[in-house]
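Throughout, protein chains are lettered first and strands after them, A, B, ... in sequence-line order, and every chain is numbered starting at 1.
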There are 2 protein chains.
Amino acid sequence: MAEPTTREQIVAAADRLFYERGFEKTSFADIAGEVKISRGNFYHHFKSKDEILSAVIEVRASKTEAMLEKWEKQRDTPGGQLRCFAEMLIRNRNDIQAFGCPVGALCAELSKLDHPAQADAGMIFTLFRQWLRQRFVELGAVEDADSLAMHLLARSQGIASLANAFRDEKFIRHEVRLIEAWLDEVRSRGATKAGTGE
Amino acid sequence: MAEPTTREQIVAAADRLFYERGFEKTSFADIAGEVKISRGNFYHHFKSKDEILSAVIEVRASKTEAMLEKWEKQRDTPGGQLRCFAEMLIRNRNDIQAFGCPVGALCAELSKLDHPAQADAGMIFTLFRQWLRQRFVELGAVEDADSLAMHLLARSQGIASLANAFRDEKFIRHEVRLIEAWLDEVRSRGATKAGTGE
DNA sequence: GTCTATACTGAGATAGAC
DNA sequence: GTCTATCTCAGTATAGAC
């Protein structure tokens with residue numbers, strides 16, 4: 001696996017372009033131009049644009065799973081692992097300010113297009129949701145775990161949305177601090193239902 | 001002002017279609033079809049798609065200002081007025097699940113297109129931001145008011161994003177309850193800096 | 001035979017002439 | 001208000017290069 005195959009290059013280029021410009025706005029010519037192959041050529045690799053989209057979603061899902069596993073290895077407490085998630089917003093702050101969240105943006109676009117792949121794109125959200133839920137279970141919030149996971153996911157989406165609209169890095173850092181304080185609060189409350197308002 | 005002018009009809013149709021399908025995905029023919037006028041007649045009112053976009057953004061800004069004023073009249077406490085904002089998510093739950101937040105979606109799309117009107121679209125966020133900030137000032141959180149406004153705006157964006165991805169009405173209702181509990185907390189803390197993590 | 005490149009078709013869009 | 005020019009794009013057919 002010294003150098004990537006043409007197929008891998010196409011998927012990588014499409015992945016980035018779909019993020020930067022959006023799925024609809026990215027043409028075959030754009031991708032071909034990036035990979036430096038002729039436009040007709042990659043009909044050998046992909047029969048349609050939807051096939052490229054499927055491949056991109058698959059790759060994103062794999063990368064997401066790998067990232068979640070890495071976080072589990074990097075920190076040995078559920079609280080620390082949840083912080084990895086929150087800090088992702090800071091690590092990716094430049095891309096987020098320029099292009100928003102890749103998962104949220106793709107889901108929103110496919111939803112408006114009523115595209116058949118919207119369920120597949122939504123699965124990436126579900127990967128995060130289930131992983132977060134498991135961390136909250138380990139943190140002791142067994143009954144609320146799913147609500148807490150959705151809450152944290154929503155907070156991160158909101159931050160990405162406004163950071164993109166206002167191009168405000170300070171806002172990202174401030175909100176991540178708020179999330180970390182909230183996580184401390186959830187942890188300290190342990191298995192009680194507090195923190196979810198119920 | 002018994003019946004709307006052709007121009008107003010065009011803008012109203014474009015407004016809805018931009019929300020439901022997105023700006024790029026909406027063609028002149030789509031709008032003309034809705035208004036039932038010929039495409040030629042169209043050019044009498046708008047020379048380009050960007051002109052329609054400007055008109056739509058202007059109308060949305062006006063409607064937003066009117067809505068904010070209405071909330072100020074409906075409730076006589078800043079806490080009650082802030083609840084109007086949060087409850088907007090429940091009032092518009094069906095549209096939000098189907099199409100997301102109109103403000104956030106347009107800003108995100110124009111950002112990806114690097115469209116000249118993205119600053120104008122962002123102004124609608126700013127309208128909300130400034131209005132929310134003023135409510136928090138009146139609530140006693142003078143120094144934090146802008147951070148609190150951004151925080152609330154972000155929460156609402158995140159809720160819209162996930163409600164759209166998961167088509168989950170219960171989630172919306174639960175998160176709005178969390179916001180209301182958070183607002184009570186902010187109010188009870190009054191002018192202190194608590195609640196923002198600083 | 002796998003990969004790549006060129007040329008072409010048809011659909012649908014903006015834009016504008018008449 | 002019809003009709004047309006032009007452009008971009010997805011998709012195809014087919015032939016050449018390694």
Short of 4.0 Å, heavy atom to strand atom, which residues of residues 19-28 of chain A count as contacting DNA chain D? A/T26, A/S27, A/F28
If a pair satisfies side chain to side chain donor-acceptor pair (under 3.5 Å) and one of its residues is in residues 33-44 of chain A, list it, with sequence neighbours excluded. A/R16-A/E34
Check whether the ring centres of B/F28 and B/F42 lie less than 6.0 Å apart, and answer yes or no. yes
Indicate every side-chain donor-acceptor pair of residues 63-72 of chain A with a distance under 3.5 Å to a residue at least two apart or in another chain.
| residue | atom | partner | partner atom | Å |
| --- | --- | --- | --- | --- |
| A/T64 | OG1 | A/R60 | O | 2.7 |
| A/E72 | OE2 | A/W131 | NE1 | 2.9 |
| A/E72 | OE2 | A/R135 | NH2 | 3.4 |

Residues two or more places apart in sequence or in another chain: which of them pass side-chain hydrogen bond (donor to acceptor under 3.5 Å, both in side chains) with B/R167? A/S111
How long is the line joining CG of B/L113 and P of C/dT14, in whole Å? 14 Å
Interatomic distance where CD belongs to A/Q9 and C1' belongs to C/dT4 [whole Å]: 13 Å
Which pairs, protein N/O on one side and nucleotides 14-18 of chain D N/O on the other, fall under 3.5 Å?
none

Distance, rounded to the nearest Å, where B/I31 contributes CD1 and C/dA15 contributes P: 11 Å
Which pairs count as ring-ring contact (aromatic ring centres under 6.0 Å, His included) when at least one residue sits in residues 74-96 of chain A, sequence neighbours excluded? A/F85-A/F128
Please evaluate the base of D/dA10 for a donor-acceptor partner in the side chain of A/Y43 within a cut-off of under 3.5 Å? no
Side-chain N,O (A/H45) to OP1/OP2 (C/dT4) below 4.0 Å: yes
Just checking, is any N or O donor in the side chain of A/N164 or A/S161 under 3.5 Å from an acceptor N or O on the other one? no
Between the protein and nucleotides 3-5 of chain D, list the N/O to N/O atom pairs that are separated by less than 3.5 angstrom.
| residue | atom | partner | partner atom | Å |
| --- | --- | --- | --- | --- |
| D/dC3 | N4 | B/R39 | NH2 | 3.1 |
| D/dT4 | O4 | B/R39 | NH2 | 3.4 |

Spacing of A/D30 atom CG relative to D/dA10 atom C1', expressed in whole Å: 13 Å
List, one per line, each side-chain donor-acceptor pair under 3.5 Å for residues 93-100 of chain A, sequence neighbours excluded.
| residue | atom | partner | partner atom | Å |
| --- | --- | --- | --- | --- |
| A/R93 | NE | A/E169 | OE2 | 3.0 |
| A/R93 | NH1 | A/I90 | O | 2.9 |
| A/Q97 | NE2 | A/R93 | O | 3.2 |

Spacing between B/I52 atom CD1 and C/dA15 atom P, to the nearest angstrom: 9 Å
Does anything in residues 46-59 of chain A pair up under salt bridge (Lys or Arg N to Asp or Glu O under 4.0 Å), and if so which pairs, sequence neighbours excluded? none
Only pairs at least two apart or in different chains count here, so list each salt bridge (Lys or Arg N to Asp or Glu O under 4.0 Å) that has a residue in residues 114-130 of chain B. B/R129-B/D146
Side chain of A/I37, heavy atoms from C-beta onward: which of C/dT4, C/dA15, C/dA5 has the nearest atom to it? C/dA5
With sequence neighbours left out, write down each residue that passes salt bridge (Lys or Arg N to Asp or Glu O under 4.0 Å) with B/R7, or none if nothing qualifies. none
Would you mind telling me which of C/dT4, D/dG11, C/dT14 lies closest to the side-chain atoms of A/K49? D/dG11
Which residue pairs satisfy the ring-ring contact (aromatic ring centres under 6.0 Å, His included) criterion with at least one member in residues 140-159 of chain A, sequence neighbours excluded? A/H151-A/W182
Nearest-angstrom distance from the residue atom CZ of B/F42 to C1' of D/dT2: 17 Å
